[in-house]
Amino acid sequence: VVRAGMGQTPAAVTMAVLTGDTSAIDADLLENVRYGGIAHIFAVSGLHVGALYAFCLLLIKKTPLQKIPKRAQFVLLAALLLFYAGICGFSASVIRAVVLCLVAYAAKLIGSSIDFLEIIGFAAIVILLLCPTSLFEVGFQLSFAACLGIAFLSKRIGQVST
């Protein structure tokens, strides 16, 4: 759909931003992007997954999908997030974000009163059960450090801005 609705270069850049696949971008353009120091825009991260997750929650809340059983909603959301993770090559950052989103959504669906810190901890345990060596990866450590920072500082930052 993207390629049909755009020219070749804009479509290639759009696909690179959405999926991290830069293979269709002209070599000169890619070199200019790297030289300009903005090549990181082609790295798919938890932000992409979070945006997709938020969009899916909005769809579920505002459409007839809200009437389907909660388990079906969870399965639908999980399938969509895992499909997107597959399109992005199942990178570690995307998998971490998918697990975190699914843990948070599962907690919401069952009506659990666990807080963000507990969700972060449970997601970390799930990831470490799937791949114990993740503990020694810098990406894992930084991702969860960032989440913990958000959890601990969000109230204080909110107080400053009001």
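What's counted below: heavy atoms across the whole structure, side chains too, no hydrogens, waters or symmetry copies.
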Supply the atom-to-atom distance [X] [atom1] to [Y] [atom2], rounded to the nearest 0.5 angstrom.
| X | Y | atom1 | atom2 | answer |
| --- | --- | --- | --- | --- |
| Leu142 | Cys147 | CG | SG | 11.0 Å |
| Leu30 | Arg34 | CG | CZ | 3.5 Å |
| Ile38 | Asn32 | CD1 | CG | 9.5 Å |
| Leu109 | Leu102 | CG | CG | 10.5 Å |
| Leu77 | Leu52 | CG | CG | 7.5 Å |

Cluster link [X] to [Y], ILVMFWY, side chain under 4.5 Å:
| X | Y | value |
| --- | --- | --- |
| Ile114 | Val126 | yes |
| Val75 | Leu57 | no |
| Leu80 | Val49 | yes |
| Ile127 | Leu148 | yes |
| Ile150 | Val98 | no |

Any donor-acceptor N/O pair, Gln73 side chain to Ile60 backbone, under 3.5 Å: no
Side chain Ser45, main chain Val94, donor-acceptor under 3.5 Å: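 No: the side chain of Ser45 does not pair with the backbone of Val94.
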Non-hydrogen side-chain atoms of Val44 and Ser93 separated by less than 4.5 Å: no
Listed once per pair and sorted, the ring-ring contact (aromatic ring centres under 6.0 Å, His included) pairs that draw on residues 93-144, sequence neighbours left out: Phe140-Phe144
All pairs passing ring-ring contact (aromatic ring centres under 6.0 Å, His included) where residues 39-75 contributes a residue, at least two apart: none
Residue pair Asp26, Thr9: steps toward the side-chain contact (heavy atoms from CB on, under 4.5 Å) verdict: CA-CA 7 Å; Asp26 179 61; Thr9 300; 5.6 Å; no
Which pairs with one or both residues in [range] pass side chain to side chain donor-acceptor pair (under 3.5 Å), sequence neighbours excluded?
| range | value |
| --- | --- |
| residues 138-151 | Arg96-Ser143 |
| residues 55-64 | none |
| residues 109-128 | none |

Work out which heavy atom in [X] is nearest to a heavy atom in [Y]; give both atom names and the distance.
| X | Y | result |
| --- | --- | --- |
| Ala151 | Ser154 | O-OG, 3.7 Å |
| Val103 | Ala123 | CG2-CA, 4.2 Å |
| Ala12 | Ala24 | CB-O, 3.5 Å |
| Ala16 | Thr22 | CB-CG2, 4.0 Å |
| Cys88 | Leu18 | SG-O, 3.9 Å |

Those residues that, when tested against Asp21, pass side-chain contact (heavy atoms from CB on, under 4.5 Å) (two or more places apart): Thr19, Ser23
